[in-house]
Asks: 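I am attaching a structure below and will ask some questions about it afterwards.
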Amino acid sequence: MCQSCFFVIGEFRLSYNGVRTVNSSYLCVELLKHSLYLDSNMATSSDMRYFNWLVLLVQLLGVVSVVITAVWMGHFQGGFAWTEDPAREFSYHPLFMVIGLIFLYADGILAYRVFRNDRKLYIKILHAGMHVAALIFASVGLKAVFDSHNLVDPPLANLYSLHSWLGLLVVIGFGLQWVLGFACFLLPWLGMSIRTLYMPYHTFWGVTLLILATATALMGITEKAIFGMAKNGYSNHSREGTLINCLGLILVIFTGLVVYLVTKPEYKRQPAPDEEHVPLDN
């Protein structure tokens, strides 16, 4: 229980340089509510052991998904090249999208849960930095797929499938999410009221974009399997088909676990005492 809630009696107001004031009764209520919230959402040692095992499983699944994608593109789809071979340049597209918009993106989201005892500024920088890396991989992945369409003779059509539409929206949304997050939470000129107002939207769209990125990847896997494996026996349970089906299942489990970890209240990072901000009213 928050002991500071009991030192105030009556209806008086605390002033700061005669300009901004805090109603003491309101302050008590807010402190009490915050204390009760922390008590009800504090993770136990058992919770944290479970959390640590789940984080380890998520990392394992993420690495496996990247390896499977690399094997799929490198072994079954002819390997990797750059603009001199547009067909093989395409191989960078699924690999870099899985690395960037799923694996690195998810790890950036998890940073606030995993590094729960570190200074918030350091976590913010790590969070933003991992998402910059994710955006770089996604941008190169987009270039690869456009080159694979535009540099062949005759050129192939772009942006005609639902996979391409949703994928482009995810990349644009991810870029906007990063810019708004950087402006609100890392630049010093925005006040706490704006940050508090924007935070629920930032959290919601962060998780939503990860789910949409995974859904887009599943569409892309299916699209590649249907159009790219027609001659290789996808319907005949080929080894390549089994491999990419496993990739899809791993991506679904990976994303589901990440969403669970970032939405479970007990795993939320609790603010340090020096990060508390007392609301002031005029």
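Quick note: residue numbers are just sequence positions, from 1. Just so it is clear, the values below take in all heavy atoms, side chains as well, and ignore hydrogens, waters and symmetry mates.
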Asks: Do Trp178 and Phe182 have their ring centres less than 6.0 Å from each other?
Replies: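 They qualify: ring centres under 6.0 Å apart.
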Asks: Can the ring centres of His149 and Phe90 be said to be less than 6.0 Å apart?
Replies: no
Asks: Please step through side chain to side chain donor-acceptor pair (under 3.5 Å) for the pair Ser164 and Ser161, ending with a clear verdict.
Replies: CA-CA 5 Å; Ser164 61; Ser161 67; 3.3 Å; yes
Asks: Over 60° means perpendicular and under 30° means parallel, so classify the ring planes of Tyr198 and His202, tilted if in between.
Replies: tilted
Asks: Begin from the C-alpha positions of Tyr234 and Asn245 and carry the test side chain to side chain donor-acceptor pair (under 3.5 Å) through to its verdict.
Replies: CA-CA 10 Å; Tyr234 181 53; Asn245 286 349; 2.9 Å; yes
Asks: A quick test of your reading: do over 12 heavy atoms of other residues, nucleotides or ligands sit less than 6.0 Å from CZ of Arg195?
Replies: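 Check passes, neighbour count above 12.
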Asks: Say you draw a straight line from OG1 of Thr69 to CD1 of Ile221; how long is it, rounded to the nearest 0.5 Å?
Replies: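 Reported value, rounded in 0.5 Å steps: 6.5 Å.
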Asks: Can you tell me how far CG of Asp118 sits from CZ of Arg269, rounded to the nearest 0.5 angstrom?
Replies: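 It is 8.0 Å, given to the nearest 0.5 Å.
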Asks: What distance do Leu156 atom CG and Phe146 atom CZ have between them, rounded to the nearest 0.5 Å?
Replies: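 Result: 12.5 Å between the selected atoms.
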Asks: State which residues pass ring pair (Phe, Tyr, Trp, His ring centres under 6.0 Å) with Tyr92; sequence neighbours excluded, sorted by chain then number.
Replies: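 Scan of Tyr92 (ring pair (Phe, Tyr, Trp, His ring centres under 6.0 Å), adjacent residues dropped) gives Phe80, Trp82, Phe96.
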Asks: Just wondering, are more than 12 heavy atoms of other shown residues or ligands nearer than 6.0 Å to OH in Tyr50?
Replies: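 No, the 6.0 Å shell around OH holds no more than 12 heavy atoms from other groups.
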Asks: Would Phe174 and His131 count as a close aromatic pair, with their ring centres under 6.0 Å?
Replies: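 So the answer is yes for these two rings.
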